Amino acid sequence: MALRNILKEGDEALRKKCRPVDKIDDRVRMILDDMAETLYDSGGVGLAAPQVGILRRIVVIDIGDGLMELINPEIIETEGLQEDAEGCLSIPGKSGDVPRPNYVKLKALNRDGEEVVYEGTELLARAFCHETDHLDGILYIDKATKMYEDGEER
Ligand code: ZN
């Protein structure tokens with residue numbers, strides 16, 4: 001396993017639409033391992049492959065309940081609305097208020113190529129939306145209704 005460098009806002013890789021993974025092989029599993037290690041090292045709750053310069057539809061999320069590895073994730077159902085603060089490992093020192101659905105159901109493939117379905121509310125629903133947006137070159141700052149610098153009064 002190896003730590004990967006997290007790209008920062010302004011890097012054009014973050015604005016690309018990522019291609020689906022068509023074959024889940026050892027290379028993909030190595031990317032998943034590296035992404036998880038990079039996520040835990042960063043202290044974040046989610047990381048998308050384009051953030052480490054890989055333009056493939058791969059995401060790792062851990063909001064504190066264990067690691068989720070999502071290959072070709074697809075949001076299949078949403079419900080409700082939440083608006084809360086959101087940040088991004090690629091945009092350090094900032095956060096912003098972003099409206100998101102309060103419930104999200106998502107399907108993806110796991111590292112064995114099996115279909116998995118996850119449901120999440122609140123922070124997990126937010127992470128599903130934030131990370132799948134990354135795969136389409138969308139950053140939360142595109143959707144934020146208000147931005148904050150770290151340390152600024154909300
Ligand atoms: Zn992000």
Side-chain angles (χ1 to χ4, degrees), residues 1-21 28 30-78 80-111 116 118-152 154:
M1 298 221 288
L3 282 178
R4 303 269 181 150
N5 183 38
I6 298 178
L7 303 179
K8 299 299 186 295
E9 189 201 353
D11 194 300
E12 65 177 29
L14 294 173
R15 292 303 189 175
K16 302 272 201 244
K17 194 172 163 69
C18 298
R19 285 194 295 157
V21 174
V28 170
M30 186 189 72
I31 291 168
L32 283 166
D33 290 343
D34 287 356
M35 284 176 63
E37 189 179 350
T38 305
L39 176 69
Y40 290 126
D41 180 71
S42 71
V45 298
L47 185 70
Q51 292 181 276
V52 292
I54 297 167
L55 300 180
R56 291 291 180 164
R57 303 187 81 82
I58 303 173
V59 162
V60 293
I61 291 174
D62 189 341
I63 63 160
D65 297 335
L67 182 66
M68 293 179 183
E69 297 176 323
L70 309 174
I71 298 166
N72 301 340
E74 215 178 302
I75 290 174
I76 52 177
E77 209 179 308
T78 66
L81 179 72
Q82 57 169 321
E83 182 148 348
D84 205 350
E86 197 164 314
C88 179
L89 293 171
S90 294
I91 310 170
K94 289 184 178 157
S95 61
D97 293 333
V98 188
R100 298 286 191 187
N102 196 47
Y103 164 86
V104 173
K105 187 173 184 178
L106 166 147
K107 72 170 182 180
L109 299 174
N110 68 14
R111 63 165 55 221
V116 287
Y118 289 111
E119 293 177 292
T121 59
E122 297 170 10
L123 178 60
L124 185 55
R126 181 170 291 281
F128 284 157
C129 295
H130 179 114
E131 301 308 333
T132 52
D133 272 355
H134 268 302
L135 305 179
D136 292 319
I138 299 165
L139 300 177
Y140 84 88
I141 50 175
D142 305 343
K143 296 180 168 180
T145 53
K146 190 157 192 259
M147 289 295 297
Y148 303 88
E149 302 284 332
D150 274 1
E152 188 182 346
R154 305 193 74 85

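Counting starts at 1 for both ligands and their atoms, in listed order. The structure presented is a predicted model; accordingly, all values stated were derived computationally and were not measured.
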### Y40 versus D62, side-chain donor and acceptor atoms under 3.5 Å
yes

Answer yes or no: are there more than 12 heavy-atom neighbours, outside R111 itself, under 6.0 Å from its atom CZ? yes

Protein N/O/S atoms closer than 2.8 Å to the Zn ion (ligand 1) number 3

Tightest non-hydrogen contact, residues I141 and R15, listed as CD1-NH2, 4.3 Å

Minimal heavy-atom distance between E119 and L124, with the atoms involved, is O-CD2, 3.8 Å

Only one of V45, D84, I63, N102 passes side chain to side chain contact (heavy atoms under 4.5 Å, CB included) with R126, and that residue is D84

Sorted by chain and residue number, the salt bridge (Lys or Arg N to Asp or Glu O under 4.0 Å) partners of E12 (sequence neighbours excluded) come out as K16

